[in-house]
Amino acid sequence: MNFQRGRKHEAPDINLIPLIDVLLVLIIFLVLTTTYSKVSGLEINLPTADTKEAEVTPNEIVVAVNAAGDVLVNRQPVGDKSINAIGAALARAAPAGSKDPVVVITADAKAAHQNVIDVMQAAQRAGLPHITFATQSAR
């Protein structure tokens, strides 16, 4: 029997390199298979534009639509918000004898889109086909 008393018992070594390799492969797999989606609504700030100052022409009808949906034709409030009432106000505001008056719609940035569409339909019914929109300068 050959017993060696002088031999020390060595603790087993743990090799960390294969463990690190497996962890890196798992991280790469998770990064490649994860889908990144940004859930957010549209951020729209309207209306602004870089344009030169508008020239005031005598044959234009200015229609203002505020955030509450109230309509003013040439600074005169229209009592009813219906298309027929707006169309009648536009027909009254059209300068007599002027050819092709332009309807300038100045809508608040927070005005409902439907209110602006109603003004456009009322202008069409009143026989005013030329419509433009006013914006404020971005400066």
Side-chain angles (χ1 to χ4, degrees):
M1 290 204 252
N2 191 3
F3 294 110
Q4 295 179 351
R5 291 188 187 255
R7 187 170 186 204
K8 296 179 181 177
H9 295 296
E10 294 181 17
D13 291 336
I14 298 176
N15 194 353
L16 293 177
I17 294 177
L19 177 68
I20 293 171
D21 289 343
V22 169
L23 287 177
L24 285 175
V25 167
L26 285 174
I27 290 172
I28 291 171
F29 175 76
L30 289 174
V31 166
L32 292 177
T33 59
T34 303
T35 58
Y36 297 101
S37 62
K38 182 179 178 184
V39 179
S40 65
L42 295 177
E43 296 178 15
I44 299 174
N45 296 323
L46 293 177
T48 58
D50 284 333
T51 60
K52 61 182 181 179
E53 291 295 323
E55 298 175 8
V56 177
T57 57
N59 65 343
E60 68 182 15
I61 303 168
V62 180
V63 180
V65 181
N66 66 8
D70 298 327
V71 179
L72 288 87
V73 176
N74 286 340
R75 297 184 181 176
Q76 300 298 318
V78 177
D80 191 12
K81 295 180 184 179
S82 69
I83 295 172
N84 293 331
I86 297 169
L90 285 171
R92 284 191 307 269
S98 66
K99 189 172 186 178
D100 295 331
V102 177
V103 177
V104 180
I105 300 174
T106 57
D108 188 274
K110 295 182 181 180
H113 185 70
Q114 184 62 48
N115 295 335
V116 177
I117 297 298
D118 290 345
V119 170
M120 292 172 64
Q121 285 180 338
Q124 181 184 15
R125 287 184 185 177
L128 303 167
H130 301 289
I131 299 172
T132 187
F133 295 94
T135 59
Q136 65 183 358
S137 177
R139 297 183 242 152

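Small disclaimer: the values here were computed from a predicted structure and weren't measured. Values below: all heavy atoms of this structure, side chains included; hydrogens, waters and symmetry mates excluded.
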Enquirer: Search all heavy atoms of A126 against all heavy atoms of A91 and return the closest pair with its distance.
Expert: CB-N, 4.3 Å
Enquirer: If you compare all heavy atoms of A122 against all heavy atoms of G87, which two are closest, and at what distance to 0.1 Å?
Expert: CB-N, 3.4 Å
Enquirer: Can you name the residues that form a salt bridge (charged side-chain N to carboxylate O under 4.0 Å, His left out) with D80, not counting sequence neighbours?
Expert: none
Enquirer: With sequence neighbours excluded, tell me which residues meet side chain to side chain donor-acceptor pair (under 3.5 Å) with N115.
Expert: none
Enquirer: Is there a donor-acceptor pair under 3.5 Å between the side chain of N66 and the backbone N or O of A68?
Expert: yes
Enquirer: Roughly how far, to the nearest 0.5 Å, is the CD atom of Q124 from the CD1 atom of I83?
Expert: 10.0 Å
Enquirer: Output the distance between atom CD (E60) and atom NE2 (H130), rounded to the nearest 0.5 Å.
Expert: 13.5 Å
Enquirer: Over all heavy atoms of both residues, which pair between A134 and T106 is shortest? Give the atoms and the distance, please.
Expert: CB-CG2, 3.2 Å
Enquirer: In the hydrophobic clustering (ILVMFWY, side-chain contacts below 4.5 Å, transitive), which residues join V65, or is it alone?
Expert: I61, V63, V71, V73, V78, I86, L90, V103, I105, V116, I117, V119, M120, L128, I131, F133
Enquirer: For N15, check side chain to side chain contact (heavy atoms under 4.5 Å, CB included) against everything at least two apart and list the hits.
Expert: I17, P18
Enquirer: Listed by chain and number, what are the side chain to side chain donor-acceptor pair (under 3.5 Å) partners of R125, not counting sequence neighbours?
Expert: N84
Enquirer: For residues 23-31, dump all side-chain donor-acceptor pairs below 3.5 Å to protein atoms at least two apart in sequence or in another chain.
Expert:
none

